**Student:** 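Dropping a structure here in structure tokens format, bear with me for questions.
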Amino acid sequence: ALDSKFARRYHFLIRRLMTVSGALLGNRLTRRKRIPKGDLTTNLRRCLNTFDVTMIGLSHMVGPGIFVTTGEVMRNLAGPSTTLSYVFAGLGALLSALCYAEFGARYAGCAYTYAYVGCGEISAFIIGWNIILEYVLAAAAYARTFTGYLDELFHFAVREWTLQHARPWPFSTIDLPNYSSNTTLEICVNETANMLGDRPLISTYPDFIAVAMIIFNAIIVGVGSKIMSNFNTVFQLGNLLVIVFVVGYGITFADFSNWNNFFPCGVNGVLAGASKCFFAYVGFDGLATAGEEAKNPSKMIPRATYYSMAVAIGSYVLMSGTLSLMMPYYRLPPASVYTEVFIQLGAPEWISLVISIGALMGILTSITNAQYSLPRAVYAMAEDGLIFGWWARVHPWTKTPLNATITFTILVSVIGMTFDLDALIDFLSIGTLLAYTMVSAALILLRYRPHPMKSNPEVMDQGGTIRLNIPILSERLALTKPGHSIMCTVIVMALAFTGIGVLISTSLFKTLGGIILMILLILIFIVSILFIDAHHQNSMDLDYKVFLVPYALSLLFNILMMTQLTLLSWIRLIIWMTIGLSIYFLYGMSHSKEESR
């Protein structure tokens, strides 16, 4: 009997200890960073104006995608409806960008900072870790694209020299005895027959030009933000002038019969194309990253977001629409799409030089801005203690995070020299979409969280509390912490969106069971929206607020595009997150500044 009594007490204590430990762990994972409204404190130099920030956003978005991705998506996925793919991807990007703009009106920082304030530490780490991956892969992908266009400008002399002197990687499948200048293009141009799945991971040969461009841009970024901004503005304006020329001249070759079969691959083609086209808009979060160096981020970031997104979406829609009118999608060449199409239609040969120079200017600014945002994202996490503090050191003269710049320049150089371009693009999209999804969710949570009243800061407003008198439900919700029910509803809504995306991507929505499940998921979505809308938003006064926040359109678009990506991309994401979470639990959790507080 004594043994039985002791056993019961022992098991009770174990259960109690596990409950307390779980609660403590949960508190550490969800603790939020406290930043007073309007706090613009930073170790970096505030020297950027609205025009500088707008050009930074444009350089992130209007770069290689407009010359590279457009032809691939049109030929292999969506046909003339690529224009709608860009509209769909641009709409999803715009909705996410508006969420970033509101956060920019609240706090100076990047998406990582926004999630830290809105969702908690573990969510912030996941976003920050994925943003680092986004910028690393973006810089490497842009650098490899730069090599491709430079190589084309010199009639593939760079590839020939590299394959003859540096030799391909030892695991390459190239048969060198059969090598000739004619087969070089076939070997080195990215084949796109299976562009959403069966892609090689390693490139054919080491790309030394990409490494040189990465190092050059790292020097520009490292010497100071204003110098980088001036360099970026000059080349981006040149890129925009070339785009205007291509659209204006290309429309003279328009044949509207090319639009007779506007949807050759149906809705799935448009959505798959949109998930690929989203790569083109990657980087608008660079606007938020620039917030730490903007003179007045609460006003500049929202304005720059509108300006840059409008120009970017317009550029992509006009360029893709012009290309689809110039030539049938099934006749598009596999590489150098715009150049080859103009030549085939009888345009003078100097047109290829103009397009290549414009592409090189756009790609150069994209590399610069990816490498500008990367060390600042690393700096933000290191400054909070979630990753190694050595990367948070700011150089006293340049006022830039020089340690982070040097470290990640080396990493980007290795990746740019080694990995295949399309493999980089596929992996880039999923990490970016995950980060944008979590920022959208964080904004909803932040809107429905109590905030000190303006008239009496010691009293909290009704943010997150139910505003409708619903029998039984209102009484139960009154007993919970304000905002807790919103968090649970956002999770349910995200799962419903995921189910809808899976049904569309697998075409199961065409079956009877799929139709029933789709209707059920849509009903869950509608009920979730109505439930959130039945709560009070807080009364926080901001210079800019996103409209229609409860309706979670950004969340829907981002999740739908994530479900269109390949299984291999998800596996790569899981591997990257495993590495990141290991760093967080072994180092970041205990070294976090919030831990000491």
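Below, each value reflects all heavy atoms present in this structure, side chains not excepted, and no hydrogens, waters or symmetry copies. If you're wondering where the values come from, they're calculated on a predicted model, not measured in any experiment.
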**Student:** As an exercise, state the distance from CD1 of Ile415 to CD1 of Ile410, rounded to the nearest 0.5 Å.
**Tutor:** 12.5 Å

**Student:** If a pair satisfies salt bridge (Lys or Arg N to Asp or Glu O under 4.0 Å) and one of its residues is in residues 367-389, list it, with sequence neighbours excluded.
**Tutor:** Lys33-Asp384, Glu293-Arg376, Glu383-Lys593

**Student:** Taking the six-membered ring for Trp, are Tyr112 and Tyr116 ring centroids under 6.0 Å apart?
**Tutor:** yes

**Student:** Using the side chain to side chain contact (heavy atoms under 4.5 Å, CB included) criterion, which residues pair with Ile357? Sequence neighbours excluded.
**Tutor:** Leu353, Met361

**Student:** Return the set of residues passing side-chain hydrogen bond (donor to acceptor under 3.5 Å, both in side chains) with Thr305 (not counting sequence neighbours), or none when no residue passes.
**Tutor:** none

**Student:** Enumerate, atom names and distances included, each donor-acceptor pair closer than 3.5 Å involving a side-chain atom of residues 235-242, sequence neighbours excluded.
**Tutor:**
from	atom 1	to	atom 2	distance (Å)
Gln236	OE1	Ser59	OG	3.4
Gln236	OE1	Thr365	OG1	3.0
Asn239	ND2	Val62	O	3.0

**Student:** Who are the side-chain hydrogen bond (donor to acceptor under 3.5 Å, both in side chains) partners of Tyr329, not counting sequence neighbours?
**Tutor:** none

**Student:** Got more than 12 heavy atoms from elsewhere within 6.0 Å of OH, Tyr307?
**Tutor:** no

**Student:** The criterion is ring pair (Phe, Tyr, Trp, His ring centres under 6.0 Å); which residues satisfy it with Tyr372, sequence neighbours excluded?
**Tutor:** none

**Student:** Kindly state each residue pair satisfying salt bridge (Lys or Arg N to Asp or Glu O under 4.0 Å) with at least one member in residues 358-369, sequence neighbours excluded.
**Tutor:** none

**Student:** Does anything in residues 209-224 form a side chain to side chain donor-acceptor pair (under 3.5 Å)? List the pairs, not counting sequence neighbours.
**Tutor:** Asn217-Thr368

**Student:** Which residue pairs pass the salt bridge (Lys or Arg N to Asp or Glu O under 4.0 Å) test with at least one member in residues 215-234, sequence neighbours excluded?
**Tutor:** Asp52-Lys226

**Student:** Going by the rule side-chain hydrogen bond (donor to acceptor under 3.5 Å, both in side chains), which residues pair with Thr50 if we only count those two or more places apart in sequence or in a different chain?
**Tutor:** none

**Student:** Does anything in residues 305-321 pair up under salt bridge (Lys or Arg N to Asp or Glu O under 4.0 Å), and if so which pairs, sequence neighbours excluded?
**Tutor:** none

**Student:** Not counting sequence neighbours, which residues clear side-chain hydrogen bond (donor to acceptor under 3.5 Å, both in side chains) with Thr54? List them please.
**Tutor:** none

